[in-house]
Number of protein chains: 2
Amino acid sequence: MDAKRSSRNLMKLPEPTVERLSEYRRSLLQCLEQGKTHIFSHELATLHHNTAVQVRRDIMFIGYSTNQRKGYDVRELIDVIGSILDSGKSLNIAVVGMGNLGSAITAYFLGKRSKMDIVASFDVDPQKVNREFSGILCHPMSALKDIIREMNISIAIMTVPADSAVEVANLLDEAGIKGILNFTSIPVKVSPRVYLEDYDMITFLEKVAYFVKHSTRQNVSPSKI
Amino acid sequence: MDAKRSSRNLMKLPEPTVERLSEYRRSLLQCLEQGKTHIFSHELATLHHNTAVQVRRDIMFIGYSTNQRKGYDVRELIDVIGSILDSGKSLNIAVVGMGNLGSAITAYFLGKRSKMDIVASFDVDPQKVNREFSGILCHPMSALKDIIREMNISIAIMTVPADSAVEVANLLDEAGIKGILNFTSIPVKVSPRVYLEDYDMITFLEKVAYFVKHSTRQNVSPSKI
DNA sequence: CTTCTGTTGTTTTTCATTTAACAAAGCTAA
DNA sequence: TTAGCTTTGTTAAATGAAAAACAACAGAAG
């Protein structure tokens, strides 16, 4: 069932692979800054706590290959991953809820990736409305639907208090948003049209706690070169 | 290979299962607040965008069962999940780096879970040292090793700037930390003894972006009841 | 009392992802 | 030039998780 992937990025990649590719790129960009032009599969593997085989397989997946044995060309690899992850049009993003977390995230993302731009933010607090946070203008909640349409925003980052999570999610859904990254600890329901990713930090912390307690586990597989 | 799991929580659970259990508990706690005493498998499933079968299988995994057909007893289920996730001693946590993100996270976690306490924070900035953030005292970076030992801290949340990530990770490693939740966009190396979870928000955002673009995908499986 | 419906618990099957094994090819050095 | 080492690319096996199918059982309704 090897559905032809001759021409790049036509096929849909499995979720874990997409995640890893994003991580690889992050490291590759860093390598570039340090003037590193080539990188071996096992180097990338070490950086991301998995195996060299896994890295090669991922890279094969996206159709890149080098015939050199000096490792992968960093620049080229970044471009190929980019052609998969960024494919085509760039997406506009909004941050909803400009509390501590919201403004931290806005500052954090700023200019980290082309092809993904935070273009607006929202809050109920009149103190915050019409102010800029990290250069991004904060709009009143009441304007949410209109602005999302006008500015062609397709992804929302939800950083509102728990008790308004459901309400806000509904608003976003109605406004025709395409994807939501939910930082709230509340599970929300949206129409199946919307891609929803729940991102609860407590869950991750509990995961770490669990494996710390059952600490026979290693975070690196022993077969790693 | 059904390795006996007669007595609860002896066996190590797979990572995805641990993640889901944590998420279930979050919703269950919410149900409790709303006065809901029983919950069906398909209700939990809807809340978490997976199937009723999956929920039942997870619950079976941890050895809980109800003979009633009124659904699971919310209170009991919370306790059983707790006995797995919180098993035994409670863990002390430190936040390293009290910038925007660090203080946001500190405030966010506050009192959300027993059995996991943020007990200290650290920063290089003299302006921040000796102040309290959300009731947690901020210590100078130089005291990191000592405090970690004194206060028996086993998990660190890393929210420092990118360029000091590696250095801080080494410090934590040397101090004998058991688990690290890395919010930095830099991959760090630690000894295999340490459980490391990288938590890059950009990766998640890129994942959402990818699947928004390839939007044939549904976020809920159609076979969900 | 019996039947029917709705829900759970377990086993089996299917599927996807990871791991391993192997083949090919380029650089290096003798 | 050739032998050997190192690294990649591909195919095949194994593992692990999700889905489906099925069995059991409690309560409701008639």
Side-chain angles (χ1 to χ4, degrees), chain A residues 1-6 8 11-21 23-24 37-46 48-74 76-77 80 207 217-225, chain B residues 1-6 8 11-21 23-24 37-46 48-74 76-77 80 207 217-225:
Chain A
M1 68 118 77
D2 199 318
K4 289 294 157 292
R5 91 171 44 85
S6 41
R8 287 168 195 67
M11 238 212 102
K12 193 135 46 75
L13 301 168
E15 238 183 85
T17 305
V18 172
E19 209 171 303
R20 282 194 301 269
L21 286 175
E23 288 164 4
Y24 295 158
T37 61
H38 293 264
I39 191 168
F40 295 126
S41 56
H42 64 259
E43 288 180 296
L44 262 177
T46 311
H48 294 102
H49 317 292
N50 64 166
T51 71
V53 183
Q54 174 89 277
V55 171
R56 291 205 300 272
R57 211 181 136 294
D58 285 336
I59 289 175
M60 188 189 87
F61 236 93
I62 61 177
Y64 177 70
S65 75
T66 178
N67 46 5
Q68 301 295 60
R69 67 136 213 192
K70 278 295 180 190
Y72 302 100
D73 185 296
V74 175
E76 282 178 18
L77 194 46
V80 176
K207 206 163 122 184
R217 183 198 191 267
Q218 302 292 23
N219 67 344
V220 221
S221 99
S223 68
K224 187 200 65 180
I225 293 186
Chain B
M1 72 118 74
D2 199 318
K4 290 294 158 290
R5 92 170 44 86
S6 42
R8 288 168 194 69
M11 238 210 103
K12 193 136 42 82
L13 302 167
E15 238 182 86
T17 305
V18 172
E19 211 171 302
R20 283 194 301 269
L21 287 174
E23 288 163 5
Y24 295 158
T37 62
H38 292 264
I39 191 167
F40 294 127
S41 57
H42 65 258
E43 288 180 295
L44 262 178
T46 311
H48 294 102
H49 317 292
N50 63 170
T51 72
V53 182
Q54 175 84 60
V55 171
R56 291 205 299 273
R57 211 178 136 294
D58 285 337
I59 290 175
M60 187 190 87
F61 237 92
I62 61 176
Y64 177 69
S65 75
T66 177
N67 45 5
Q68 300 295 60
R69 67 135 215 194
K70 278 295 179 192
Y72 302 100
D73 184 296
V74 174
E76 282 178 18
L77 193 45
V80 177
K207 205 164 123 184
R217 183 198 191 269
Q218 302 292 23
N219 67 343
V220 220
S221 98
S223 67
K224 187 199 67 180
I225 293 186

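Values below: all heavy atoms of this structure, side chains included; hydrogens, waters and symmetry mates excluded. By convention in this document, chain letters (A, B, ...) are assigned in the order of the sequence lines, proteins followed by strands, and residues within each chain are numbered from 1.
When the P atom of D:dA26 is taken as reference, atom NE2 of B:His38 falls 16 Å away, rounded to whole Å. In this structure, CD of B:Glu15 is placed 14 Å from C1' of C:dT17, rounded to the nearest angstrom. Regarding A:Asn50, its CG atom lies at a distance of 13 Å from the C1' atom of C:dT17, rounded to whole Å. Note: CG (A:Asp58) to C1' (D:dG9) measures 14 Å, nearest angstrom.
Atom OH in A:Tyr24 sits 7.0 Å away from atom CD1 in A:Ile59 (nearest 0.5 Å). Atom CG in B:Asp58 sits 10.0 Å away from atom CG in B:Leu44 (nearest 0.5 Å). Considering OG1 of B:Thr51 and CZ of B:Arg57, their distance stands at 10.0 Å, rounded to 0.5 Å. The CD atom of A:Gln54 sits 10.0 Å away from the CZ atom of A:Phe61 when rounded to the nearest 0.5 Å.
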Could I get a table of every N or O pair under 3.5 Å where one atom is in the protein and the other is in nucleotides 5-10 of chain C?
unit_1: C:dT8; atom_1: OP1; unit_2: B:Ser41; atom_2: N; d: 3.0
unit_1: C:dT8; atom_1: OP2; unit_2: B:Ser41; atom_2: OG; d: 2.6
unit_1: C:dT8; atom_1: O3'; unit_2: B:Thr66; atom_2: O; d: 3.4
unit_1: C:dG9; atom_1: OP1; unit_2: B:Thr66; atom_2: N; d: 2.7
unit_1: C:dG9; atom_1: OP1; unit_2: B:Thr66; atom_2: O; d: 3.2
unit_1: C:dG9; atom_1: OP2; unit_2: B:Tyr72; atom_2: OH; d: 3.0
unit_1: C:dG9; atom_1: N7; unit_2: B:Arg56; atom_2: NE; d: 3.2
unit_1: C:dG9; atom_1: O6; unit_2: B:Arg56; atom_2: NH2; d: 3.3

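Phosphate proximity of C:dT19 to A:Gln54: present, with a side-chain N or O under 4.0 Å from OP1 or OP2.
Under the 4.5 Å side-chain criterion, counting only non-hydrogen atoms from C-beta, B:Arg20 is in contact with B:Asn50. You'll find the side chain of B:Tyr64 reaches within 4.5 Å of the side chain of B:Asp73, heavy atoms only.
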